There are 2 protein chains.
Amino acid sequence: MVTIYDVAKLAGVSAATVSRVVNGRSSVDAGLAARVQQAMAELDYRPNAVARNLRRQKTSIWAVIISDIGNPFFTSLVRGVEDVGQAAGYSVVLCNSDEDPAKEARYVAAALAEQMAGVIISSTGKAANLSRLVDAGTPVVAIDREVRAAAVDTVLVDNAHGADLATSHLAEQGYRRIACITGPRRLPTAQRRLQGYRAALTAYRLEPDDNLVRYGDYREEGGYQAMASILDSGAAPDAVFAANNLMTVGALECLVDRGITVPAQMGVVGFDDIPWAHLVRPSLSTVVQPTYELGRTAALLLVERIAEPTRPLSTVTLRTELKIRDSSAPREQRFR
Amino acid sequence: MVTIYDVAKLAGVSAATVSRVVNGRSSVDAGLAARVQQAMAELDYRPNAVARNLRRQKTSIWAVIISDIGNPFFTSLVRGVEDVGQAAGYSVVLCNSDEDPAKEARYVAAALAEQMAGVIISSTGKAANLSRLVDAGTPVVAIDREVRAAAVDTVLVDNAHGADLATSHLAEQGYRRIACITGPRRLPTAQRRLQGYRAALTAYRLEPDDNLVRYGDYREEGGYQAMASILDSGAAPDAVFAANNLMTVGALECLVDRGITVPAQMGVVGFDDIPWAHLVRPSLSTVVQPTYELGRTAALLLVERIAEPTRPLSTVTLRTELKIRDSSAPREQRFR
DNA sequence: GACCCGTGGTCACCATCTACGACGTCGCCA
DNA sequence: TGGCGACGTCGTAGATGGTGACCACGGGTC
């Protein structure tokens, strides 16, 4: 490995001068600087980031800890983070916790041990993981999922409102027995989306029925199971609102398997878009989240938090939007 | 930050002893070890990985550099890498090059500077990036895409064979004017898949026609454009083989927009599965790659390479499999 | 009494950064 | 013109946290 001393020796200066040239922090005589530059080029010198990190007590890497790499929700979110991060001089690496608090804890520990410059995290819900970062002084931004017990900047979408939109839309289309498949109980997004669903029922004077509600796991399998369970319960839904994209897919699969046609026999609206939603037949109505913007916003917050660690906490809530496609076609056209 | 010295002072031992307890390398008296453990717990001591990395001259992190985080192909591949990596004591972080050699170079530079323990990379094609890693002694495994000019272990799928399978299948189903949308010219996977397509044409005595071939960008947009271009050229295809999943989706969209029905007017087979392929109507026939296994195999090779840096290079080629669904239904049923 | 082994401390080292001080030059003023 | 202060530039030295080679010590064994 070529070190700063090798460069210094070749250029006939001290290591400190080479360091100054590399970092451009302090003024160095132009002639000397040129000699150093040449020596660096000649030796193909690359500063050792590990040593630099140790000395500076921080790195120039951000960790983005996401809860499910298989969920396309995160891909454009990550792009948003990356674009801002790169522009600000950071490398962005991704860690996949797979909804497993233990795996999340591992990555949090790694981020701490490696002294990452910042962390953006979609938490599995364990506040302790976040607090550990905050206590160590690592700048953190929570994304998609708020963590009440931890004092961190947060970027959310208006989950309740989006769910309300979706459910209201179904109600307006004439559906009367609207089921809801929400996410894991412990996740605030699941709670909020359920709230929004219930608010819409109330607004449209539809009878709430616990037999129409299930808690899934935010994955395809869970959506399938929940849909099957609702159907088997005899609750006789005529529509379903699924609280995330993968569960919507799972629910659809279940409906296909049971020979239930959408939307003729069952209206469907999902929360969060899926790629190729328009290729799926029938095309899926969904609550669309501004995923890229979510990532961007989180990254901007992180930049600000790094620049000013003591600034007051902020929570940014972004708007969702209902995208109406075929799976929630008006019921009255067929049955009234 | 709690350092090893703080722990040492509290436990009344030297820092070296604490280090020994932490790493369990050398024998330490049980009583002392217990005191050290207690002191560590009391202070919530976490070893500084940066300092350790500097001293040891390597980290315990793997970087997986992928070319498109939006492509679901990579998600299960990454899971395969992670499962093996975690088991072997490594943390796995993801870097997204977005098919941009400059971004790839950035991440390679970061992996070098941070002295990553190993790198698994799906290269954009710039051999220089790989060689830089190899020259610096970083263990590297190329995945999905071979890089001829670089001396690295490689894990591939039988691209030509898979493309041959897909094209032959279309031919057997009675399609005669089979188009091909392959990937960027510079990528070996694109070349191999085109080879396989041509081999199948030859085998079935179908006339090759350059008007039926396009080079896309492995993204949705490129698939759309390529499909449109083929249709506009007057080449009159009756089927199309698209050389990756996202381009297949793009091609389908184009067909939908033009009112061309699949498979009645156009048979379609894609390379690499997409999630929810069975929900898309018509359901998509695809060449399925063993993505999880790809990741797993690459990770295992990396482990071996780390253990034995001088072992001879190996290339593992995994089998693909044709999954027949509705988009390639027999042509003769309708037209003969 | 010599040797060995288990145990634990000392110290050099990893590559880089930076506070501090030294040195030289320049300008200003007497 | 000489002296002094200011400033720019550069080197020295210590610091960053942890590791491991080496050494010292003490007790046991032959």
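What you see is a predicted model; the values in this text were computed from it and never measured. Each chain gets a letter, A, B and so on, in the order its sequence line appears, and its residues count up from 1.
No side-chain N or O of A/Glu114 forms a donor-acceptor pair with one of A/Asn53 less than 3.5 Å apart. A donor atom on one side chain and an acceptor atom on the other are found under 3.5 Å apart for B/Arg106 and A/Gln86.
Between the B/Thr17 side chain and the B/Val13 main chain, no donor and acceptor come within less than 3.5 Å of each other. A side-chain donor-acceptor contact under 3.5 Å links A/Asn244 to the backbone of A/Tyr218. For the pair A/Asp98 (side chain) and A/Asp68 (backbone), a donor-acceptor distance under 3.5 Å is absent.
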Begin with the C-alpha distance, continue with both residues' side-chain angles, and end with the deciding distance and a verdict on salt bridge (Lys or Arg N to Asp or Glu O under 4.0 Å) for A/Lys126 and A/Glu104.
CA-CA 9 Å; A/Lys126 264 201 103 186; A/Glu104 177 179 291; over 6 Å; no
For side-chain hydrogen bond (donor to acceptor under 3.5 Å, both in side chains), just list the numbers for A/Ser67 and A/Arg145, CA-CA rounded to whole Å, side-chain angles, deciding distance to a tenth of an Å, and then say yes or no.
CA-CA 10 Å; A/Ser67 54; A/Arg145 301 174 181 180; 3.3 Å; yes
Under the criterion side-chain hydrogen bond (donor to acceptor under 3.5 Å, both in side chains), I'd like the reasoning laid out for B/Tyr292 against B/Asp83: C-alpha separation, chi angles, the key distance, then a yes or no.
CA-CA 10 Å; B/Tyr292 180 86; B/Asp83 288 351; 2.6 Å; yes
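Computed from coordinates, the A/Asn53 CG to C/dC14 C1' distance equals 14 Å when rounded to whole Å.
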List the protein contact pattern of nucleotides 21-26 of chain C with one symbol per nucleotide (5' to 3'): B for base contact, S for sugar-phosphate-only contact, - for none; contact means a heavy-atom distance under 4.0 Å.
------
Protein within reach of the bases, or only the backbone? For nucleotides 10-20 of chain D, mark each nucleotide 5' to 3' as B, S or -, using heavy atoms under 4.0 Å.
BBB-BBBBBBB
